There are 2 protein chains.
Amino acid sequence: MTIEAHRKTTIMDIAAKANVSPSTVSRVLRGSAEVAEAKRTAVMQAVTELQYRPNIFAQSLASGQSMTIGVLTQNFGSPFYDGILHGILLGLEKTEYWPLFADGRWHPEIELNAFHLLLDRRVDGLIVIGGQLAEETLRTVAQRTPLIVVARRIAALPDNSLYLNNFAGGYNATRYLLDMGHRDIVHITAPNVNPIAIDDIEQRYQGYQQAILDAGLQLDPRLVVEGNLQQQSGVLAVEMLLSRGRPFSAIFTANDQMAFGARLALYRRGIRVPEDVSLVGFDDEAFAPYMVPPLTTMRQPAAEMGQTAAKAVLDLLNKKKPNLPLFEANLVVRESVTRH
Amino acid sequence: MTIEAHRKTTIMDIAAKANVSPSTVSRVLRGSAEVAEAKRTAVMQAVTELQYRPNIFAQSLASGQSMTIGVLTQNFGSPFYDGILHGILLGLEKTEYWPLFADGRWHPEIELNAFHLLLDRRVDGLIVIGGQLAEETLRTVAQRTPLIVVARRIAALPDNSLYLNNFAGGYNATRYLLDMGHRDIVHITAPNVNPIAIDDIEQRYQGYQQAILDAGLQLDPRLVVEGNLQQQSGVLAVEMLLSRGRPFSAIFTANDQMAFGARLALYRRGIRVPEDVSLVGFDDEAFAPYMVPPLTTMRQPAAEMGQTAAKAVLDLLNKKKPNLPLFEANLVVRESVTRH
DNA sequence: AATTATTCTGAAAACGCTTTCAGAAATTCT
DNA sequence: AGAATTTCTGAAAGCGTTTTCAGAATAATT
């Protein structure tokens with residue numbers, strides 16, 4: 001029923017029914033001007049009686065606004081990204097704006113395409129999560145459209161990007177292992193394929209190095225391995241590590257997915273976690289608490305970041321300077337680390 | 001650069017530049033009629049030179065089509081749903097249509113809201129993934145808008161719903177355990193809160209029962225426990241089970257998430273998998289291959305289902321009767337089951 | 001060469017709403 | 001009570017395309 005009306009009823013119909021002009025209907029509907037109480041209620045009545053639903057295209061065409069915020073993500077399925085989306089949804093909930101999602105699939109071409117789709121749909125604001133769009137492109141767009149980039153640091157747009165202190169995250173994860181008595185700590189990182197996109201991972205790596213150094217220890221290249229952030233690369237990394245013969249008592253992986261892979265590889269080799277080697281991840285994905293044993297990891301405040309991002313575009317929309325704090329990752333201790 | 005032009009250039013500008021009427025520009029742009037070669041190229045040139053991008057709102061308003069397919073999901077973050085989304089993206093890739101996503105968050109209110117949002121945006125077609133929308137509502141909409149419901153069986157809309165043979169899935173999972181020599185097989189299911197939405201789970205349960213019966217065994221209510229599909233409920237289910245004291249050698253869970261929870265509970269109790277109890281899940285989520293030990297589970301062809309759904313709405317759009325096969329779940333054998 | 005078909009093309013009318021402009025109505029002030 | 005304000009309200013002009021209609025060009029027939 002409620003749906004029935006979709007096709008036909010226009011503002012003219014309800015104007016006729018309420019005995020006012022279309023202009024007045026528009027005014028009461030969007031509250032753009034005072035309207036006599038009697039007419040207002042007449043209009044409201046007609047609206048509900050006729051199940052009127054404004055035509056968004058006409059609205060946007062006439063007003064020049066789409067009342068939508070474009071959200072470009074890289075992978076709907078990733079827990080971390082999902083957390084951010086969730087936050088954005090929350091941040092937009094009480095506003096007039098609706099999110100319009102597009103998925104770049106971590107594919108530069110698809111991403112660019114999706115980016116244009118959003119722009120073509122005349123979104124009033126844009127939130128880009130991670131991704132590999134050229135800084136240049138982002139800068140150009142930012143000049144005309146309120147834009148916030150989440151989970152990626154754009155040097156040229158300090159006031160439009162929102163990210164995590166990955167250095168501190170890496171530092172603290174390592175530091176925790178150090179505090180637990182570990183000395184031979186391996187780090188599984190990921191190569192800097194795209195200098196910008198994977199900057200986060202690089203930062204975590206640097207944090208790891210600094211922590212080792214601060215503890216008065218030596219950096220040992222034989223203790224660091226590269227993966228590609230996928231689970232499978234975690235198992236490969238451990239294989240590689242084992243073949244090097246360099247002893248170690250703990251592993252810190254740049255993300256949880258690789259930690260899961262590493263854990264599996266260890267299991268296959270009959271190496272116990274945490275008795276033989278301790279493990280800490282990064283992200284606190286949904287599965288982390290259900291790994292066997294539950295994974296100790298660095299938690300990213302994904303939802304909070306999403307919500308902050310939403311508020312920030314809204315600020316930009318209202319010409320206010322947004323408040324963009326540097327987010328911190330928190331250690332969540334579970335059972336994959338033991339004292340050494 | 002490419003973006004620069006967004007704001008201003010209209011079809012009039014390019015008409016002027018190419019020395020033709022706006023009508024002609026429209027014609028070449030959308031190929032709706034033959035246009036002399038000379039003018040066509042002139043138009044194309046103007047278009048690229050002026051970086052013209054049509055105004056989607058004007059287009060849709062005038063044509064009555066939005067060239068979008070609405071996709072209503074329940075949770076961007078779920079691997080299974082993500083698989084379907086991926087398939088939809090694939091199915092739409094080479095077409096003129098773009099997907100418009102909305103997330104119902106498994107929340108009836110939010111879902112209904114999102115549903116209306118999509119309708120208000122005048123999507124040309126609609127794909128609803130799971131969810132709890134009333135059948136009545138869906139039926140009404142289906143009368144006017146091409147609609148496909150995925151991963152949920154709508155009795156009243158046999159030609160618009162696309163789902164998995166959950167009964168066979170449950171049957172085969174159980175059958176596999178039986179074939180491996182197990183006799184005391186527990187099943188962790190989920191209560192039928194919403195008679196429609198969780199029908200899938202109910203079907204799996206029935207498949208389990210039938211398999212047991214077909215093997216000439218007795219159904220034992222002490223062997224079935226209810227969870228709520230979340231990981232945590234898997235651990236609770238196992239606790240409950242253990243407290244009942246009824247011995248068992250294998251567990252079949254209605255979904256992978258509960259299997260992960262169950263596995264953790266077993267670990268805490270020092271019960272080995274698969275040596276002491278075998279475990280099989282349902283869904284084949286991304287984490288399944290990395291559980292310790294890797295989880296044997298029933299794989300749902302999510303991407304294929306998504307792609308089929310996309311093709312189906314497109315068919316509906318073209319007044320063709322869509323082909324909606326019944327999908328089957330396949331057993332993927334890993335390491336969580338052993339012969340008994 | 002005169003007709004008749006075919007192709008092309010521009011003018012103009014939608015599409016459904018917002019918003020400016022100016023006049024009407026209701027208030028307030030002298 | 002009349003003038004000066006302030007509030008309301010309708011007419012009409014967009015917003016940027018698509019599409020119908022009919023006339024102009026061009027090509028095909030006789």
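Fair warning: this is a prediction, and the values are worked out from it, not measured in the lab. We name chains A, B, ... by the order of the sequence lines, and we start the count at 1 in each one.
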*Would you please confirm or rule out a distance under 4.0 Å between OP1 or OP2 of C:dG10 and any side-chain N or O of B:Ser21?*
yes
_Residue pairs fulfilling salt bridge (Lys or Arg N to Asp or Glu O under 4.0 Å) with at least one residue in residues 76-93 of chain B, sequence neighbours excluded_ = A:Arg105-B:Asp82
*Take B:Leu61 and B:Val20, find for each the nucleotide of DNA chain C with the closest heavy atom, and name the residue whose nucleotide sits nearer the 5' end.*
B:Val20
*asked:* So does B:Leu314 get a backbone contact from the side chain of B:Asn318, meaning a donor-acceptor N/O pair under 3.5 Å?
replied: yes
*Is a side-chain N or O of A:Ser161 found less than 3.5 angstrom from the main chain of A:Leu157, in a donor-acceptor match?*
yes
_Closest listed nucleotide, where the reference is the side chain of A:Tyr52 and the choices are C:dC17, D:dG16, C:dT19_ = C:dC17
*Ignoring backbone atoms, test whether A:Arg122 places a side-chain nitrogen or oxygen under 4.0 Å from the OP1 or OP2 oxygen of D:dG16.*
no
*Five-pair end axes of the helix from C:dA1-D:dT30 to C:dT30-D:dA1 and the angle they enclose, rounded to 10°*: 30°
*Is any side-chain N or O of B:Ser63 closer than 4.0 Å to OP1 or OP2 of D:dT19?*
no
*Is there a donor-acceptor contact under 3.5 Å from the side chain of A:Asp124 to the main chain of A:Met67?*
yes
*Whole angstrom value for the distance that separates P of C:dT19 from CD1 of A:Ile11*: 11 Å
*What's the CD1-P distance between A:Ile56 and C:dT18, to the nearest Å?*
11 Å
*Could you tell me whether the side chains of A:Gln132 and A:Glu111 share a donor-acceptor contact shorter than 3.5 Å?*
no
*Provide, to the nearest angstrom, the distance between the CG atom belonging to A:Asp120 and the C1' atom belonging to D:dT17.*
14 Å
*Examine distances only and state if a side-chain atom of B:Thr145 and a backbone atom of B:Leu147 form a donor-acceptor pair shorter than 3.5 Å.*
no
*Flag the pair A:Phe101 / B:Phe101 as yes when their ring centroid distance falls below 6.0 Å, and as no otherwise.*
no
*Do the side chain of B:Thr68 and the main chain of B:Trp98 share a donor and acceptor less than 3.5 angstrom apart?*
no
Mind listing the side-chain donor-acceptor pairs of residues 31-46 of chain B below 3.5 Å, one per line with the distance, residues two or more places apart or on another chain?
unit_1: B:Thr41; atom_1: OG1; unit_2: B:Glu37; atom_2: O; d: 3.4
unit_1: B:Thr41; atom_1: OG1; unit_2: B:Ala38; atom_2: O; d: 2.9

*asked:* Would the distance check show the side chain of A:Ser60 and the main-chain N or O of A:Ile56 forming a donor-acceptor pair, the cut-off being under 3.5 Å?
replied: yes
*Which of residues 34-44 of chain B have a heavy atom under 4.0 Å from DNA chain D?*
none
_Check this for me, if you would: do A:Lys321 and A:Asp159 make a salt bridge, where the nitrogen-to-carboxylate-oxygen distance has to be below 4.0 angstrom?_
yes
*Calculate the interatomic distance between A:Met12 atom CE and D:dA11 atom C1'; express it in whole Å.*
11 Å
*Distance in angstrom units between A:Asp13 CG and C:dC15 P, rounded*: 12 Å
*Between A:Asn19 (CG) and D:dT9 (C1'), how many Å, whole number?*
13 Å
*Remember a base hit wins even if backbone is also touched, and classify A:Thr24 as base, sugar-phosphate or nothing at under 4.0 Å, heavy atoms.*
sugar-phosphate
*B:Leu50 CG to D:dG16 P, straight-line distance once rounded to whole Å*: 14 Å
*Could you go step by step and tell me if A:Tyr163 and A:Asp200 meet the side-chain contact (heavy atoms from CB on, under 4.5 Å) rule?*
CA-CA 9 Å; A:Tyr163 49 90; A:Asp200 290 5; 5.6 Å; no
_Gap between atoms CE and P, on B:Met67 and C:dC15 respectively (whole Å)_ = 20 Å
*Should B:Thr24 and B:Arg27 count as side-chain neighbours, where that means a heavy-atom distance under 4.5 Å?*
yes
Mind listing the N/O atom pairs, protein and nucleotides 20-23 of chain D, below 3.5 Å?
none

*How does protein contact run along nucleotides 24-29 of chain D, one letter per nucleotide 5' to 3', with B for base contact, S for sugar-phosphate only, - for none, heavy atoms under 4.0 Å?*
------
_Flag, side chain of A:Thr95 to backbone of A:Gly91, donor-acceptor distance under 3.5 Å_ = no
